[in-house]
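Here's the structure we're looking at; comments come further down.
None of the values given here were measured: they were computed from a predicted structure.
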Amino acid sequence: AETVGDVEIVTIPRVETVKVGQPDLFGNCPTEERSRLWTALDAAVSRGELDKGPGDKNGPKFRQYRLDGITIDVFTAEPVSFGHTVVVRTGGAMFSKLYVTVLKRLGLASVDNRIVAQTEEARVRFGGSVIPVRHERDVFGLLGIPDLPPSLRGAYPGDSETIAMR
């Protein structure tokens, strides 16, 4: 029987603008944007329904929790980079290393959870500085390979050298 080591969740959170602090002399109140997801998960922790993960994994794009002994990694993404974030987070270490290597060979890089052109040639070839990859299929299309289901991203098939050379 397979054992679940951890759960990876990638989501595009809803953000709301909330007033913080007191109004100034003109009645303007400072505001900040807050993720409704983090607000809801923080409330679940406060109620004891969910535990915070080990260490200080409580940032604006990644948080870790525990439920019934299982670690839950929650990642947020923007619509323009959702496919990239899912591909990175649903692959094993070897797959992710290979993926980053292929991006680099194409003149691309993963910067702040986005695929970004690093060379003028890549900007021209891919149509801009930030490459939109809204779905996993967009990522694999960018790499010039067929879709690879998450179940095959842990132990990559033996054809990794061929893909790495594209």
Side-chain angles (χ1 to χ4, degrees), residues 1-15 35-38 40-42 44-45 49-119 121-123 125-166:
E2 289 187 42
T3 303
V4 174
D6 66 351
V7 175
E8 309 273 331
I9 298 173
V10 179
T11 183
I12 301 171
R14 290 188 179 163
V15 177
S35 164
R36 292 176 65 186
L37 172 67
W38 297 147
L41 289 171
D42 289 345
V45 169
E49 300 167 353
L50 194 61
D51 295 321
K52 283 191 175 182
D56 187 26
K57 298 179 180 175
N58 197 31
K61 294 188 179 194
F62 166 68
R63 295 197 183 178
Q64 192 172 71
Y65 300 93
R66 292 194 52 81
L67 179 65
D68 297 331
I70 296 175
T71 299
I72 303 169
D73 295 334
V74 182
F75 299 90
T76 62
E78 299 169 275
V80 72
S81 62
F82 182 77
H84 167 66
T85 305
V86 170
V87 167
V88 169
R89 300 300 167 198
T90 57
M94 182 65 120
F95 174 83
S96 294
K97 183 177 178 182
L98 178 61
Y99 173 57
V100 170
T101 300
V102 174
L103 287 178
K104 187 174 181 179
R105 289 183 181 179
L106 292 171
L108 305 170
S110 176
V111 178
D112 290 331
N113 265 354
R114 294 176 169 189
I115 296 180
V116 177
Q118 297 292 292
T119 65
E121 181 184 338
R123 278 187 281 283
R125 179 178 177 191
F126 298 109
S129 294
V130 175
I131 314 305
V133 284
R134 299 181 192 287
H135 307 282
E136 292 171 276
R137 68 178 174 269
D138 298 334
V139 172
F140 293 110
L142 182 74
L143 301 179
I145 60 174
D147 287 357
L148 189 63
S151 61
L152 295 179
R153 296 179 199 161
Y156 202 81
D159 199 23
S160 61
E161 283 301 312
T162 302
I163 292 170
M165 298 308 290
R166 289 183 186 237

Self-check item: Those residues that, when tested against E49, pass salt bridge (charged side-chain N to carboxylate O under 4.0 Å, His left out) (two or more places apart)
Solution: R47
Practice problem: Might you work through the side-chain contact (heavy atoms from CB on, under 4.5 Å) test for L143 and L103, ending with a clear yes or no? | Solution: CA-CA 8 Å; L143 301 179; L103 287 178; 4.1 Å; yes
Quiz item: Considering residues at least two apart in sequence or located in another chain, which fulfil the side chain to side chain contact (heavy atoms under 4.5 Å, CB included) criterion with P132?
Solution: V80
Quiz item: So, does T71 use its side chain to make a donor-acceptor pair with the main chain of D6 at under 3.5 Å?
Solution: no
Quiz item: Does F75 have any ring pair (Phe, Tyr, Trp, His ring centres under 6.0 Å) partners at least two apart in sequence or in another chain, and if so, which?
Solution: F62
Quiz prompt | For P60, side chain to side chain contact (heavy atoms under 4.5 Å, CB included) partners two or more places apart | solution = none
Quiz item: Are any of the side-chain heavy atoms of L108 and L142 separated by less than 4.5 Å?
Solution: yes
Quiz item: Can you name the ring pair (Phe, Tyr, Trp, His ring centres under 6.0 Å) partners of F140, sequence neighbours left out?
Solution: none
Quiz item: How many angstroms lie between CZ in R66 and CG in D73, if you round to the nearest 0.5 Å?
Solution: 10.0 Å
Quiz item: Do you know which two heavy atoms are closest between Q118 and A122, and how far apart they sit?
Solution: N-CB, 4.5 Å
Practice problem: Mark yes or no for whether S81, through its side chain, and A77, through its backbone, hold a donor-acceptor pair below 3.5 Å. | Solution: no
Quiz item: Listed by chain and number, what are the side-chain hydrogen bond (donor to acceptor under 3.5 Å, both in side chains) partners of D51, not counting sequence neighbours?
Solution: none
Exercise. Quick one: list whatever passes side chain to side chain contact (heavy atoms under 4.5 Å, CB included) with V15, sequence neighbours left out.
Key: E33
Practice problem: If a pair satisfies salt bridge (Lys or Arg N to Asp or Glu O under 4.0 Å) and one of its residues is in residues 84-101, list it, with sequence neighbours excluded. | Solution: none
Quiz item: So how far is it from I72 CD1 to E8 CD, rounded to the nearest 0.5 Å?
Solution: 11.0 Å
Self-check item: Contact check, side chains of N113 and K61, non-hydrogen atoms, under 4.5 Å
Solution: yes
Quiz item: Should T85 and T76 count as side-chain neighbours, where that means a heavy-atom distance under 4.5 Å?
Solution: no
Quiz item: Tell me, which pairs form a salt bridge (Lys or Arg N to Asp or Glu O under 4.0 Å) where one or both residues lie in residues 74-86, sequence neighbours left out?
Solution: E78-R114
Quiz prompt | Those residues that, when tested against Y99, pass ring pair (Phe, Tyr, Trp, His ring centres under 6.0 Å) (two or more places apart) | solution = H84
Quiz item: Can you name the side chain to side chain contact (heavy atoms under 4.5 Å, CB included) partners of K52, sequence neighbours left out?
Solution: V45, N58
Quiz item: Shortest non-hydrogen contact from I131 to G128?
Solution: CD1-O, 3.5 Å
Quiz item: Is any side-chain heavy atom of F95 closer than 4.5 Å to a side-chain heavy atom of T90?
Solution: no
Quiz item: What side-chain hydrogen bond (donor to acceptor under 3.5 Å, both in side chains) pairs are there with at least one residue in residues 133-148, not counting sequence neighbours?
Solution: E136-R153
Exercise. Quick one: closest heavy-atom pair of F126 and L106, and the distance?
Key: CE1-O, 3.7 Å
